[in-house]
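Numbers here simply count residues along the sequence, with the first being 1.
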Amino acid sequence: MKVTPEHNERVANMKFFSVYPHYVTKVEKKGRTVAELHEVITWLTGFDDEKIQELIDRKVTFKTFFEEATLHPNAHLIKGVICGYRIEEIDNELTQKVRYLDKLIDEIAKGRKMEKILRVPKS
């Protein structure tokens, strides 16, 4: 499935604060916690709980959200299909980052172990 410029624009302008409650609902419905949700957001972006709340309060777009983030060096290890798109084939950097986050949240909801979600190397 090809990502269109219009799709990329829609993703960039989505408000993080309006999507965040859906993330919470998705993980809690599957017996996971907001703390686990924040753990993956922190791993991917470098944001602590206070910064996540600040971004929600500021009603930032995903464009601003990821402009302020420091992406984890292992984020490129997030692969697979989410929302009908193969993450590693998305050529728009911002859309790919948003899909990274979607994939991590999906993995929480599917009950995957946190070490695997956070791409912890095997010792």
Legend entry - Set of residues satisfying side chain to side chain donor-acceptor pair (under 3.5 Å) with respect to Asp106, sequence neighbours excluded: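 Listed in chain order: Lys26, Lys110.
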
Legend entry - Partner residues of Glu68 under the side chain to side chain donor-acceptor pair (under 3.5 Å) criterion, sequence neighbours left out: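 Counting only residues at least two positions away or on another chain, Glu68 forms a side chain to side chain donor-acceptor pair (under 3.5 Å) with Lys51, Arg58.
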
Legend entry - Flag, side chain of Thr64 to backbone of Val60, donor-acceptor distance under 3.5 Å: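 Not a single qualifying donor-acceptor pair exists.
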
Legend entry - Distance-only donor-acceptor check, side chains Gln53 and Asp57, under 3.5 Å: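 Per modelled atom types, Gln53 and Asp57 side chains form a pair under 3.5 Å.
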
Legend entry - Between Asn8 and Thr95, a side-chain donor and acceptor under 3.5 Å: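 Checked: Asn8/Thr95 side chains pair up, N/O donor to acceptor below 3.5 Å.
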
Are [X] and [Y] connected in the hydrophobic side-chain network, where two residues link if heavy atoms are under 4.5 Å apart?
X     : Y      : answer
Tyr85 : Val19  : no
Val40 : Val120 : yes
Val34 : Ile105 : yes

From [X] [atom1] over to [Y] [atom2], what is the distance, rounded to the nearest 0.5 angstrom?
X      : Y      : atom1 : atom2 : value
Ile82  : Tyr100 : CD1   : OH    : 13.5 Å
Leu118 : Asn74  : CG    : CG    : 10.0 Å
Ile41  : Tyr20  : CD1   : OH    : 6.0 Å
Tyr23  : Leu37  : OH    : CG    : 8.5 Å
Arg32  : Arg112 : CZ    : CZ    : 11.0 Å

Inset, instruction - Of all the heavy-atom pairs spanning Glu88 and Gly80, show the shortest one and how long it is. - result: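 Closest heavy-atom pair between Glu88 and Gly80: OE1-N, 3.0 Å.
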
Legend entry - Minimum heavy-atom distance between Ile117 and Leu104, given as atom pair plus value: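 Nearest heavy atoms, Ile117 then Leu104: O-CD2, 3.4 Å.
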
Could you tell me if the side chain of [Y] sits less than 4.5 Å from the side chain of [X], heavy atoms only?
X      : Y     : value
Ile56  : Phe65 : no
Ile78  : Leu44 : yes
Met14  : Thr61 : no
Arg119 : Trp43 : yes
Asp48  : Ile52 : no
Gln96  : Ile87 : yes
Met114 : Glu39 : yes
Thr45  : His72 : no

Inset, instruction - May I ask you to decide whether Lys63 forms a salt bridge with Glu67, counting only side-chain N to carboxylate O separations under 4.0 Å? - result: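 So Lys63 pairs with Glu67 through a salt bridge.
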
Legend entry - Ion pair check, Lys113 and Glu115, cut-off under 4.0 Å: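 Glu115 and Lys113: not salt-bridged.
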
Legend entry - Test log, rule side chain to side chain contact (heavy atoms under 4.5 Å, CB included), inputs Thr33 and Glu28: CA-CA 6 Å; Thr33 66; Glu28 287 184 336; over 6 Å; no

Legend entry - Full working for salt bridge (charged side-chain N to carboxylate O under 4.0 Å, His left out) between Lys97 and Glu93: CA-CA 6 Å; Lys97 289 175 183 177; Glu93 189 178 341; 3.2 Å; yes

Legend entry - Residues, nucleotides or ligands: over 12 heavy atoms within 6.0 Å of Lys79 NZ: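 For Lys79, atom NZ is crowded (more than 12 foreign heavy atoms under 6.0 Å).
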
Inset, instruction - Please assess Arg99 against Ile90 for the test side chain to side chain contact (heavy atoms under 4.5 Å, CB included), listing each intermediate value before the final yes or no. - result: CA-CA 9 Å; Arg99 296 302 175 213; Ile90 297 172; 3.6 Å; yes

Inset, instruction - Give the ring-plane orientation class for Phe62 versus Phe66, where under 30° counts as parallel, over 60° as perpendicular and anything between as tilted. - result: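 The rings of Phe62 and Phe66 lie parallel, inter-plane angle below 30°.
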
